[in-house]
Each structure stands twice: as C-alpha cells, then as structure tokens.
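Written below as structure tokens is the structure these notes are about.
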Amino acid sequence: HKTENQSMHIIKVERELKVPIEKLWALVSDFSNLSWYSPAEKIEKLGSGIGEIRRITMPGIPAAIEERLLELDPLQHRLVYTVLENEINIMQDYTVEASLRSAGDASTVALWQGQFSGVAGDLEPQIMIDIMTETYVSMLTEMEGAVQKIGRTECGEERDELTSDG
C-alpha cells in the first residue's frame with residue numbers, strides 16, 4: 001500500500017478527562033474489554049497480549065471491525081493498535097496511538113491519534129477524518145464516564161455530581 005514519500009492522513013483528538021491516570025489506564029489497557037463502549041454490541045478476543053485481536057460487532061454494521069494490538073507500554077501509558085482492512089474499515093494502513101499523561105491528581109490528558117495512508121474506493125480522506133474525530137470524542141467521553149462510575153461504585157459515594165435532592 002504505502003510508498004516511502006506518501007503523506008499520511010492524521011486524526012487527532014486530545015481531551016482532559018476528570019479521572020486519575022491509573023484508573024483510566026486500567027480501562028484502556030484492557031484491550032479487548034470494551035464493555036464500557038455503548039456502540040459495541042459484541043467483542044471477541046483472539047489471542048492475548050501483543051498481537052491480540054479484538055473483533056468488534058456493532059448494530060447495523062454488516063461485518064466486524066478487527067483491531068490488532070501492536071504495542072502496550074504501561075510505563076508511558078501508551079498503546080498502539082492497527083485496524084485491519086476489510087469491507088467496513090476502508091482506511092488503508094490505519095494505526096492508532098493512544099496515550100495518557102497525568103494532569104494532576106484527578107485529571108488525565110488523553111490523546112488519541114490515528115493515521116492512515118488512503119481510503120479504498122473514491123471517498124475523500126477528509127470524510128473519514130471527520131467521522132473518526134467524532135468517534136474518538138464520543139469514545140473519550142464514554143471512557144471518562146465509565147471510570148467515574150467505577151470510582152463511585154468502589155467508594156460508595158456520589159462525589160462531583162450535583163444531586164437534585166433539593
């Protein structure tokens with residue numbers, strides 16, 4: 001697919017999430033556990049560790065999306081995966097790097113950066129960039145919510161939430 005001088009298309013979303021880095025990393029690094037991600041109807045885990053594939057089935061999408069874990073670095077809070085090309089993923093050479101960095105005790109900056117060399121068919125790459133940017137944003141929002149929910153369950157308290165008890 002890729003030639004040496006071919007430029008890559010970049011998708012980049014960075015958000016500060018109001019959750020501690022270790023709790024967020026625990027969620028993110030459990031590669032095939034997407035129980036927190038609402039669009040995922042079913043996840044199949046093939047293999048384990050580097051090379052592991054998560055096969056994601058979503059409602060209304062005729063084939064599963066397959067993502068392969070390439071790198072997992074707990075010290076840097078970073079992982080890299082590739083999305084395998086099929087009739088659903090039409091982006092070529094599509095890899096995603098997800099990294100977290102602490103922004104104080106209870107905040108984490110999450111950076112999701114994807115890159116791909118082109119798109120199968122005659123779709124403009126910008127269309128895929130726009131779609132995936134929205135996807136990353138909603139994913140990070142759900143991730144933050146999931147970690148906050150876990151936190152409340154563990155502590156048995158509803159901190160940082162306005163209650164309407166009056």
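Everything numeric here is computed off the predicted structure, so don't read it as measured data.
Trp25 pairs with exactly one of Pro74, Ser102, Pro20 by the side-chain contact (heavy atoms from CB on, under 4.5 Å) rule, that one being Pro74.
When all heavy atoms of Leu69 and Glu71 are compared, the closest pair comes out as CD1-O, 3.4 Å. In terms of heavy atoms, Ile50 sits closest to Leu72 at CD1-N, 3.6 Å. Heavy-atom minimum distance, Asn89 versus Leu84: ND2-O, 3.3 Å. Closest non-hydrogen pair, Asn33 versus Trp36, comes out as O-NE1, 3.2 Å. Taking both residues in full, the closest heavy atoms of Ala40 and Met58 are given as CA-CG, 4.3 Å, listed atom of the first, atom of the second, then distance. The minimum heavy-atom distance between Gly51 and Arg68, with the atom names listed, is O-CG, 3.6 Å.
Between the side chains of Gln76 and Ser99, no donor-acceptor pair of N or O atoms lies under 3.5 Å.
Under a 3.5 Å cut-off, the side chain of Glu134 and the backbone N or O of Ile131 do not form any donor-acceptor pair. Put simply, the side chain of Thr57 never gets that close to the backbone of Glu41: no donor and acceptor are under 3.5 Å apart. Side-chain N or O atoms of Arg54 include one that pairs as donor or acceptor with a backbone N or O of Phe31 at under 3.5 Å. For Glu16 (side chain) and Ser107 (main-chain N/O), no donor-acceptor pair under 3.5 Å exists by modelled atom type.
Residues Leu123 and Ile61 are members of one and the same hydrophobic cluster, defined by side-chain heavy-atom contacts under 4.5 angstrom among Ile, Leu, Val, Met, Phe, Trp and Tyr. Residues Leu46 and Ile88 fall into different hydrophobic clusters, defined by Ile, Leu, Val, Met, Phe, Trp and Tyr side chains chained together at heavy-atom separations under 4.5 Å.
The structure places CD1 of Ile10 at 11.0 Å from OG1 of Thr133, a figure rounded to the nearest 0.5 Å. With values rounded to the nearest 0.5 angstrom, Glu97 atom CD is found 13.0 Å from Thr82 atom OG1. Note that CD of Glu67 and OG1 of Thr95 are 11.5 Å apart. Values are rounded to the nearest 0.5 Å. Between the CG atom in Leu140 and the OG1 atom in Thr108 there is a gap of 11.0 Å [rounded to 0.5 Å]. Interatomic distance, CG of Asp105 versus CD1 of Ile21, reported as 12.0 Å (0.5 Å rounding).
Surrounding CD of Glu14 are more than 12 heavy atoms belonging to other residues, nucleotides or ligands, all under 6.0 Å away. Counting non-hydrogen atoms of other residues, nucleotides and ligands closer than 6.0 Å to CD of Glu124 gives a total of 12 or fewer.
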Review point. Can Gln113 and Gln115 be said to form a side-chain contact (heavy atoms from CB on, under 4.5 Å), step by step?
Key: CA-CA 7 Å; Gln113 190 167 303; Gln115 61 172 22; 5.7 Å; no

Exercise for review: Given side-chain contact (heavy atoms from CB on, under 4.5 Å), test Ile11 with Trp112 step by step and report yes or no.
Suggested key: CA-CA 8 Å; Ile11 309 152; Trp112 249 248; over 6 Å; no

Review point. Step by step, would you call Lys45 with Glu52 a side-chain contact (heavy atoms from CB on, under 4.5 Å)?
Key: CA-CA 7 Å; Lys45 175 179 173 172; Glu52 175 180 325; 3.6 Å; yes

Review point. Could you walk me through whether Ile43 and Tyr37 pass the side-chain contact (heavy atoms from CB on, under 4.5 Å) check?
Key: CA-CA 10 Å; Ile43 309 290; Tyr37 187 51; over 6 Å; no

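In this structure, Lys18 does not pair ionically with Glu144, as no charged nitrogen and carboxylate oxygen lie closer than 4.0 Å.
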